[in-house]
2 protein chains.
Amino acid sequence: MSEEGYKRKEDCPLTFALTIIGSKWRLPIIWALWKNKRIRYNELKRQVDGITNMVLSQSLKEMEKQGLIVRTQFMEIPLRVEYSLTEAGEALIPSLKSLAEWGKEMQIKVKAHV
Amino acid sequence: MSEEGYKRKEDCPLTFALTIIGSKWRLPIIWALWKNKRIRYNELKRQVDGITNMVLSQSLKEMEKQGLIVRTQFMEIPLRVEYSLTEAGEALIPSLKSLAEWGKEMQIKVKAHV
DNA sequence: TCCTTTACTCAGTTTTTACTGACTTAGTAA
DNA sequence: TTACTAAGTCAGTAAAAACTGAGTAAAGGA
């Protein structure tokens, strides 16, 4: 998409990026991860208000596979597991900020129309 | 989200931006609109391969309400209707390009891991 | 002893999103 | 007369995503 037509939509880097950040809870998770630098599972769950264990744990697994985050397990009892953004994950932030600024402008315009 | 915590997720400009571009067909539509500058309904449908009338027409309506696109109807017979991005819609493009570049890097990394 | 914490997992159900395929009105071309 | 183009609409259904609520093991505290 970014340059020319892709045969399959999955090949388009932009569509690909959206599959990574486009579902309901991805941004809140990424945001909490970024604010906290590193964070434990339950604390993350508290910060990402309203998320269920199922969605959170599955999201974390997928994001780990995708190379967005790292999971570090400490050999302690009780178990300690910390999550943090990878470099690739952090590289997303500027794009998100740019999108957020556009979103902010749009919100203002939408309000002005009411 | 972009600066501080929002009480409601809908208030976050980034979440808001994603509701605009995050569903399955939004990017392909925006992309076609941007490439063509102005385009008629059926031509748009041909270019956005695989989209159904229902999804396309509903998407266009919502995007018009959101101020992303304009619908211009010509008083001709047969009916001619053209769609194009608004300024606000075009302002999205740089953010999308930035996201697309990030996506491209990620795709390369993912492939390297296989 | 009972309750809480840690980091999850799971079956079942609801909600959301998208797809199927037919239909519309008016005009042109074969 | 039949068929096709324009720009859609619509009821019904399937598929995808998210939610509900409970359960797990091992340890610490009241």
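Letters go in sequence order (proteins before strands), and every chain restarts at 1.
- The distance between atom CG of A:Leu44 and atom C1' of C:dA7, rounded to the nearest whole Å, is 12 Å.
- Residues satisfying the side-chain hydrogen bond (donor to acceptor under 3.5 Å, both in side chains) criterion with B:Gln66, sequence neighbours excluded, are B:Arg26.
- Contact check on A:Arg38 versus A:Glu43 returns no salt bridge, with no Lys/Arg side-chain nitrogen under 4.0 Å from an Asp/Glu carboxylate oxygen.
- Annotation: side chain of A:Tyr83 is not in contact with side chain of A:Thr72 (no heavy-atom distance under 4.5 Å).
- When all heavy atoms are compared, the tightest approach of A:Leu44 to A:Leu60 is CD2-CD2, 3.9 Å.
- Smallest separation of non-hydrogen atoms from A:Gly67 and A:Thr86: O-OG1, 2.7 Å.
- Atom CZ in A:Arg46 sits about 9 Å away from atom C1' in C:dT5, given to the nearest Å.
- Under the 4.0 Å criterion applied to side-chain N and carboxylate O atoms, B:Lys37 and B:Glu90 are assigned as salt-bridge partners.
- Between the side chains of B:Glu62 and B:Gln58, no donor-acceptor pair of N or O atoms lies under 3.5 Å.
- Nearest heavy atom pair, residue B:Leu92 against residue B:Ile30, reads CD1-CD1, 4.0 Å.
- Nearest heavy atoms, A:Ile51 versus A:Lys45: O-CE, 3.5 Å.
- Within the 4.5 Å cutoff, the side chain of A:Ile39 has no heavy atoms near those of the A:Trp34 side chain.
- Annotation: proximity of residues 57-67 of chain B to DNA chain D (heavy atom, distance under 4.0 Å) is found for B:Ser57, B:Lys61, numbered in ascending order.
- Extent of DNA chain D lying under 4.0 Å from chain B heavy atoms, first and last nucleotide in 5' to 3' order, is D:dA6 to D:dA11.
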Protein-nucleotides 24-30 of chain C N/O pairs closer than 3.5 Å?
none

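- Heavy atoms only, all atoms of each residue included: B:Gly103 and A:Ala17 are closest at CA-CB, 4.2 Å.
- If one axis is set at each end of the helix from C:dT1-D:dA30 to C:dA30-D:dT1 from five pairs, those axes are 20° apart, to 10°.
- Summarising the local packing, CD of B:Glu76 is surrounded by more than 12 heavy atoms from other residues, nucleotides or ligands at distances under 6.0 Å.
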Within the 4.0 Å limit for protein heavy atoms, which parts of nucleotides 15-22 of chain C are touched? Write it as a string from 5' to 3', B for base, S for sugar-phosphate only, - for none. ---SBB--
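- Between C:dA7 and A:Arg40, a contact under 4.0 Å exists linking OP1 or OP2 to a side-chain N or O.
- With hydrogens and angles disregarded, no donor-acceptor distance shorter than 3.5 Å links the side chain of B:Trp102 to the backbone of A:Ile93.
- Look at CG on A:Leu79: it is 11 Å from P on C:dT6, rounded to the nearest Å.
- Counting any heavy atom pair closer than 4.0 Å across all strands shown, B:Tyr83 reaches sugar-phosphate atoms only and no base atom.
- The backbone N or O of B:Asp11 sits less than 3.5 Å from a side-chain atom of A:Gln107, completing a donor-acceptor pair.
- If you run side-chain contact (heavy atoms from CB on, under 4.5 Å) between B:Ser59 and each of B:Val48, B:Ile69, B:Ile29, only B:Ile29 comes through.
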